[in-house]
2 protein chains.
Amino acid sequence: MNSFTEENYLKALFNLSNEKGEVSVNELSRQLQLKMPTVNSMMKKLAEKKLVIYESYKPLRLTEKGKKEAGIIIRKHRLTEMYLVEKMGFGWEQVHDIAEQIEHIKAPELFARMDTLLGHPTVDPHGSPIPDKNGKIRWLHYTKLSDCAEGETVKLAAVTHSSDEFLKFLNGRSLNLGVKLRIKKIESFDGTMEVSYGKRNAETLSKIVCEKLLVEKNL
Amino acid sequence: MNSFTEENYLKALFNLSNEKGEVSVNELSRQLQLKMPTVNSMMKKLAEKKLVIYESYKPLRLTEKGKKEAGIIIRKHRLTEMYLVEKMGFGWEQVHDIAEQIEHIKAPELFARMDTLLGHPTVDPHGSPIPDKNGKIRWLHYTKLSDCAEGETVKLAAVTHSSDEFLKFLNGRSLNLGVKLRIKKIESFDGTMEVSYGKRNAETLSKIVCEKLLVEKNL
DNA sequence: TTATTTTGTTAGATTAGTCTAACTTTATAT
DNA sequence: ATATAAAGTTAGACTAATCTAACAAAATAA
């Protein structure tokens, strides 16, 4: 059985891996807010346990076993977030920190129950996919709003790097998942977008915001 | 903020205190399955933090602060048990181990929500009282079934030392909280009781069992 | 009352997870 | 191509929580 600490390393590694499949010690240490030597020695430990592939001066990679374990932790996190929102009435901006703790609970029945009560959800309240019981994630094919063109109509499908403040910002303008957005205008010099959706006819979203919003194009 | 470890000491101390108000290092070390020197040094640490009163060779006592913190942990434990049973469909024999983990979660909103969704329950699924938000417990005035007399009719109110197996044993004979029992006969030589309740007309309960069942007499 | 057992304490070792300081390797920028 | 910067590694220290071994005090029994 892995400790909370080890689980946090696996999860961070999994999340950082997802673009390149490889992660530097430096990156991981920044993510976890730990010093490099700390991370370095934990990587050796996880390599012993066959969870990570570690070679001196090479980037880090998760083994299949490591990916599976990380996936299961992320599954627990996202099921919990969904449960807190759907069954307990929390807002999507409130659930991350709680799920961060509950994800480490050793009680498969608990998460199985959440899954059942929620009707086997496939995404969490922020639109991120929930890995299956084997930790396998089904990748979704979303596009950044910032990569869309003027005149397109798209559906808001997920938000990335969802901090408290950002989610409250979205709440404030009723930007909930599922909302259909029409891109009225893009300012070419700074990437600011003017969009309309629901009852709002002309909301302005900075490029920074548009880069954090993932949308579905084939409507 | 206290560690999980410290919280477990406080909780154990609280639970053991409830008869005498005082606990020996030996008792506590047995309860926690730790060696005496381990407990001893933790007691010094908790004494520094003003959670425990520790004097060499004297029994241990919780301070008011210690009682409050312990009470709050027990509140979280019992609210969780109740939530798991009432809202998630677990059996009363399944919830202890899960609650043992969730009780350490730092998220007052989570427990406040459970409390609300449950309608401010005062007892957990085993009949134990749930401390209030300040950790204060309202003691209940129950009697052991084994202390009742032949001919009495009583209501099953709580079970003590509720292990998995014992709870399953009770499930097996529909001995749920709230059931009204009539004591038909007590074997004087071994304390075995013959009781009737619900559809069951002559169940035999050993003294060991009767000592673990708490009942309400004033019906 | 003295001897024995039980309980409590002290001292020192161990493990997990963190750190800083010093050094090495790799990458980057003249 | 070499100097400098960034990233990675090693060595050694620290804290929390545990342990064992040895010793001290208190309780119990003879």
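Every value quoted in this text rests on a predicted model; they were computed, and no experiment measured them. Below, chains carry the letters A, B, ... as their sequence lines are ordered, and counting in each starts from 1.
In this structure, the side chain of B:Lys35 does not engage the main chain of B:Ser29 through any donor-acceptor pair within 3.5 Å.
Among residues at least two apart or in separate chains, side-chain hydrogen bond (donor to acceptor under 3.5 Å, both in side chains) pairs with a member in residues 121-146 of chain A are A:Glu81-A:His126.
Contact check on A:Lys217 versus A:Glu152 returns a salt bridge, with a Lys/Arg side-chain nitrogen under 4.0 Å from an Asp/Glu carboxylate oxygen.
If you take CG of A:Asn26 and P of D:dA5, they are 17 Å apart, rounded to a whole angstrom. The CG-C1' distance, from A:Leu32 to C:dT18, rounds to 13 Å in whole Å. In this entry the distance linking CD of A:Gln33 with P of C:dC19 reads 10 Å, nearest Å. In this structure, B:Lys58 places its NZ atom 11 Å from P of D:dA27, rounding to the nearest Å.
Pairing each heavy atom of B:Gln101 with each of A:His104, the nearest pair is OE1-O, 4.5 Å.
Among the atoms of the strands shown, only primed sugar atoms or phosphate atoms (P, OP1, OP2) are found under 4.0 Å from some heavy atom of B:Tyr54. Residue A:Ser56 is classed as a sugar-phosphate contact, given heavy-atom separations below 4.0 Å to backbone atoms only.
For the residue pair A:Thr192 / A:Asp190, a side-chain donor-acceptor distance below 3.5 Å is found, with atom types taken as modelled.
Both A:Glu6 and B:Lys44 sit near DNA chain C, but only B:Lys44 has its closest nucleotide nearer the 5' end.
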Write down the protein N/O and nucleotide N/O pairs, taken from nucleotides 20-25 of chain D, whose separation is under 3.5 Å; answer none if there are no such pairs.
residue : atom : partner : partner atom : Å
D:dA25  : O4'  : B:Tyr57 : OH           : 3.4

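Closest contact between the side chain of A:Tyr9 and the listed nucleotides D:dA7, C:dT18, C:dT9 involves C:dT18. Considering only side-chain atoms of A:Asn40, the nucleotide from C:dG8, D:dT9, C:dT9 that sits closest is D:dT9.
When each of B:Arg78, B:Arg75, B:His77 is paired with B:Glu103, the side chain to side chain donor-acceptor pair (under 3.5 Å) condition holds for B:His77 and for no other.
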